[in-house]
Amino acid sequence: MSLSTQPYKGARDFYPDDKRKQKYMFGVLRTVAERFGYEEYDAPILEPLEIYVAKSGEEIVNEQTYVFEDRGGRKVVIRPEMTPTVSRMVAGKRQELAYPLRWYSIPNLWRYERPQRGRLREHWQLNVDIFGVATVHAEVEVITLVNDVFKTFGASSDMYSIHLNDRKLVNFVLRDYLGLDEPTAHAVGKLIDRMNKMDRDEFISKLDDVFSDEQKQASATEKLLSILDAKQLSDLPDTLKQGDIFADLDKTMSGLKAAGVTNFLFDPTLMRGFDYYTGIVFEVFDTDPENNRAMLGGGRYDGLVGLFGVEPVPTVGFGWGDVTLSNFLESHNLMPSLAPEANLYVALIGDVVEQAHPTIAKLRAAGLNVAVDLSGRKLGDQFKNAEKKGVNLVLVVGQSELESGSYSLKNLSTHSEDSLDLNGVIDAVKAQNG
RNA sequence: GCGGACGUAGCUCAGUUGGUAGAGCGUCGGGUUGUGGUUCCGAAUGUCGCGGGUUCAAACCCCGUCGUUCGCCCCA
């Protein structure tokens, strides 16, 4: 009976090649978030159960979290999302923080579910939140940030589309326009969420199951469909256009235009799972049919911070999973080939490890990442090894080089070879790495 | 939690109507001891995911189980 070498179900090992991709992705995410003035924070992976029970939504706590009791009898959850945590942190220093507060993090999150494409048990998620802005300038900023991330990865606008909706609109339609009670409204909301996964007849028959005879009499189904079919705000029935139900969506869209974002659209079927959203919600879809689900989503949740017993803080934020992001990058060929950490490989001739030490130390002190071949194998094998590791530049160091101070620097991809002194080697490696 | 597909060498896979396993790539060694990518020669490696069952005989059929994957639920 031997031990399995597989990682835990739904979780990934990151071998150096994988980790390199993750480092690249996170690097871009951090760069863009910080370009918008966001500060990085972090928190424990464990949280008390209560903060999820409070407002996260139902199933995620009951069935999709890792819950256990610690040795002190406390109910503990491995965080399935970051929003309650960041809300807790903001609430904890509610009075002393300077608003608007711009925070981001890339936490790992755990959900107990069946793994499938784009959904694993452990994933990392960029969380970007802006606290203290009640106007849709916050939504516009955050979505613009998302757009900049895509651009920084080299994506073009046709590769993704930004869907927008407003919970206030949804609530108005369900409660006031259709006059549904709370449980019915909730059920219809869940149905709308799944609308695109079924055909129209199926959707209508499911609606029939939910609506009362009275509601059917009032042609609730037809009314709802006419709203869900809207491609833009102007398609909506006139009776909805009174008041300022659309004001936020309207302003968000014009704000996005002003910010140079083009590929967004009004999507009345967009719901989002969590119940804590209170205003604009958005999701971004990969247009590649291979990745047919939301790759990121977020919205306004003005009530969460207040749950911790402090004055509420208006908040807009989103989460962007690393699995959906890497699927996106791979599908659109946007994942660059990434060089290994070492940018210089030293091949040794003969037993000169100790004599070569001062030379190698100088190279490292100059900022080069130097991997030394300690195998004692034939020179040809050392070249093969460098190539296999993906290190392009090899410095040959033997007795005569150490004595003369003239080294042979070999470029494995161009097959060129230069005779250089130590400073020349340093310059050449730096030039090669841009 | 529910449904489908799959599980053969390190990797990608082949294995005909059941007769105890192969290829390519990779790995290792070599083509005279200080120069690699192409080439040539040679070698190693599998309890055919695991456990039962049917059979004279199972990688192949049946059951269970674990894992992978796609979808449902839910969500990033």
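Values below: every heavy atom of this structure, side chains too, minus hydrogens, waters and symmetry copies. Everything numeric here is computed off the predicted structure, so don't read it as measured data. Reminder, nothing fancy here: chain letters follow the sequence lines and each chain counts from 1.
Between the P atoms of B/C2 and B/G10, the separation comes to 33 Å (whole Å). Distance noted for atom P between B/A23 and B/G4: 37 Å (whole Å). Going from the C1' atom of B/A21 to that of B/C13 covers 14 Å, rounded to whole Å. Of the C1' atoms belonging to B/C62 and B/U55, the separation is 12 Å, rounded to the nearest Å. Nucleotides B/G42 and B/C25, compared at atom P, are 14 Å apart to the nearest Å. Taking the P atom of each, B/G31 and B/G37 are spaced 14 Å apart, rounded to whole Å. Spacing of C1' atoms, B/A57 relative to B/G64, comes out at 23 Å, to the nearest Å. One C1' atom belongs to B/C11, the other to B/C50, and the distance between them is 22 Å to the nearest Å.
In this structure, B/G18 forms no base pair with any nucleotide, since neither Watson-Crick nor G-U wobble geometry is met with both distances under 3.5 Å. Pairing for B/G37 is absent, with no Watson-Crick or G-U wobble pair whose two atom distances lie under 3.5 Å. The pairing partner recorded for B/C6 is B/G67, the criterion being a Watson-Crick or G-U wobble arrangement whose two distances lie under 3.5 angstrom. Nucleotide B/C72 is matched to B/G1 when pairs are restricted to Watson-Crick or G-U wobble geometry with both distances under 3.5 angstrom. Pairing for B/G24 is with B/C11, a Watson-Crick or G-U wobble pair whose two hydrogen-bonding atom distances lie under 3.5 Å. In a base pair of the Watson-Crick type (N1 to N3 plus N6-O4 or O6-N4) or a G-U wobble (N1-O2 and O6-N3), with each distance short of 3.5 Å, B/C48 is matched with no nucleotide.
Distance A/Y15 OH to B/G10 P: 13 Å, rounded to the nearest Å. Remark: P of B/G37 and OH of A/Y345 are 15 Å apart, rounded to the nearest angstrom. Between the NZ atom of A/K206 and the C1' atom of B/C72 there is a distance of 10 Å, rounded to whole Å. Counting to the nearest Å, the C1' atom of B/C75 and the CZ atom of A/R111 are 5 Å from each other. Put simply, NZ on A/K384 is 10 Å from P on B/G30, counting in whole angstrom units. A/D193 places its CG atom 14 Å from the C1' atom of B/A76, with the value rounded to the nearest Å. B/A76 atom P lies 17 Å from atom CG of A/N108, rounded to whole Å. Between the CG atom of A/N196 and the P atom of B/C74 there is a distance of 14 Å, given to the nearest Å.
The phosphate of B/C75 has neither OP1 nor OP2 within less than 4.0 Å of any side-chain N or O from A/R121. Taking 4.0 angstrom as the limit, A/R114 places none of its side-chain polar atoms (N or O) nearer than this to OP1 or OP2 of B/C2. When the side-chain nitrogen and oxygen atoms of A/K378 are compared with OP1 and OP2 of B/U35, none of them lie within a distance under 4.0 Å. Distances shown here put a side-chain N or O of A/R272 below 4.0 Å from the OP1 or OP2 atom of B/A76. Dashed line: the shortest gap from a side-chain N or O of A/R194 to OP1 or OP2 of B/C74 is under 4.0 Å.
Mapping A/E122 and A/K9 onto RNA chain B by nearest heavy atom places A/K9 closer to the 5' end of the strand. Residues A/S413 and A/L296 both approach RNA chain B. Their nearest nucleotides, taken by heavy-atom distance, put A/S413 toward the 5′ side.
Shown here, B/G37 is classed syn by the O4'-C1'-N9-C4 or O4'-C1'-N1-C2 angle, which is within 90° of 0.
Note that OH of A/Y301 is 11.5 Å distant from CG of A/L307, once rounded to the nearest 0.5 Å. Interatomic distance, A/L256 CG to A/T144 OG1, rounded to the nearest 0.5 Å: 5.5 Å.
Less than 6.0 angstrom separates the ring centroid of A/W320 from the ring centroid of A/F150.
Under a cutoff of 6.0 Å and an axis angle of 45°, A/K410 and A/F383 form a cation-pi pair.
Under the 3.5 Å distance criterion, the side-chain polar atoms of A/R300 are left unmatched by any main-chain donor or acceptor of A/P314.
The side chain of A/I349 lies closest to B/G34, out of B/G36, B/U27, B/G34. In this structure, the nucleotide among B/G29, B/C73, B/G71 sitting nearest to the side chain of A/Q64 is B/C73. The side chain of A/E387 approaches B/G37 more closely than any other nucleotide in the set B/A76, B/G37, B/U35. Comparing B/G29, B/U69, B/G34 against the side chain of A/L379 picks out B/G34 as the nearest. Nearest to the side-chain atoms of A/E417 among the listed nucleotides B/G36, B/U35, B/G31 stands B/U35. Here the side chain of A/H123 is nearest to one of B/A76, B/G34, B/G36, namely B/A76.
Residue A/G118 is in base contact, counting any heavy-atom pair closer than 4.0 Å across all strands shown. No engagement by A/L126 is indicated, since no non-hydrogen atom pair under 4.0 Å with the nucleic acid exists. Among the atoms of the strands shown, none is found under 4.0 Å from any heavy atom of A/G398.
Side-chain contact of A/K151 with A/S157: a donor-acceptor pair under 3.5 Å is present, judged by distance alone.
Across every non-hydrogen atom of A/V394 and A/A386, the tightest pair is CG2-CB, 3.6 Å.
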Inset, instruction - Determine, step by step, whether A/D248 and A/K168 satisfy the salt bridge (Lys or Arg N to Asp or Glu O under 4.0 Å) criterion, reporting the C-alpha distance in whole Å, the side-chain angles of both residues, the deciding distance to 0.1 Å, and the verdict. - result: CA-CA 9 Å; A/D248 284 353; A/K168 293 196 298 292; 2.7 Å; yes
